[in-house]
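All chains are named by letter (A, B, ...) in the order of the sequence lines, taking the proteins before the strands, and each is independently numbered beginning at 1.
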Amino acid sequence: MAARVVSPGFHRRVYTVVRTVPEGYVTTYGDVAAAMGSPRVARHVGWALAAMKDEEAPWHRVINAQGRISHRGDTGRATLQRALLEAEGIEFKGDRVDLKRFRWWFGGDRGPNPGS
DNA sequence: GGTTTGACCATAA
DNA sequence: CTTATGGCCAAAC
């Protein structure tokens with residue numbers, strides 16, 4: 001079903017993309033934005049997830065390009081996110097995630113981390 | 001309909 | 001390694 005390709009807002013699109021991320025993998029805000037066709041909207045991805053209340057999506061699988069958890073002051077969110085990722089098999093190096101291994105690539109016809 | 005803000009990213013120092 | 005700055009675009013006020 002068309003799955004509502006067109007949504008009343010930009011957020012809906014973000015949730016749709018984030019839902020495509022399988023368990024055990026993570027992605028970055030920039031990649032989600034790029035998957036939509038505009039890598040400049042990376043900020044809105046995080047903003048959309050912050051506004052996510054009625055919708056459901058694995059927001060914890062979305063991190064910044066530095067492989068770190070963004071919390072903008074709210075450390076509580078970072079703690080929860082880290083716990084959720086570790087529960088899915090994501091390994092943390094200090095406060096960072098190994099994007100080289102867990103970064104999911106949208107449209108992964110050949111799986112994550114295409115080429116190398 | 002203009003201003004402010006924001007869970008970012010890339011580059012520079 | 002970290003911190004600072006510019007830019008980009010959509011939603012909220």
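Identified under the salt bridge (Lys or Arg N to Asp or Glu O under 4.0 Å) test for residues 69-78 of chain A, with sequence neighbours left out: A:Asp74-A:Arg77. Sorted pairs that involve residues 53-80 of chain A and meet ring-ring contact (aromatic ring centres under 6.0 Å, His included), not counting sequence neighbours, are lacking altogether.
Taking Ile, Leu, Val, Met, Phe, Trp and Tyr as members and joining any whose side-chain heavy atoms lie under 4.5 Å apart, directly or through other members, the hydrophobic cluster of A:Leu85 also contains A:Val26, A:Ile63, A:Ile69, A:Ile90, A:Phe92, A:Val97, A:Leu99, A:Phe102.
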**Message:** How would you summarise protein contacts on nucleotides 1-7 of chain B per nucleotide, using B for base, S for sugar-phosphate only and - for none, with heavy-atom distances below 4.0 Å?
**Reply:** -----BB

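Evaluation of the salt bridge (charged side-chain N to carboxylate O under 4.0 Å, His left out) rule for A:Glu86 yields A:Arg82 as partners, not counting sequence neighbours.
Annotation: proximity of residues 30-42 of chain A to DNA chain B (heavy atom, distance under 4.0 Å) is found for A:Gly30, A:Ala42, numbered in ascending order.
Under 4.0 angstrom from either OP1 or OP2 of C:dT2 there lies at least one side-chain N or O belonging to A:Arg68. Phosphate proximity of C:dC1 to A:Arg96: present, with a side-chain N or O under 4.0 Å from OP1 or OP2.
Between A:Ala57 and A:Tyr15 the shortest heavy-atom distance is CB-O, 4.1 Å. Nearest approach of A:Ala48 to A:His11, heavy atoms of both residues: CB-CD2, 3.5 Å.
A side-chain donor-acceptor contact under 3.5 Å links A:Thr16 to the backbone of A:Arg12. Between the A:Arg61 side chain and the A:Arg19 main chain, no donor and acceptor come within less than 3.5 Å of each other.
Put simply, CG on A:Leu99 is 10 Å from P on B:dC9, counting in whole angstrom units.
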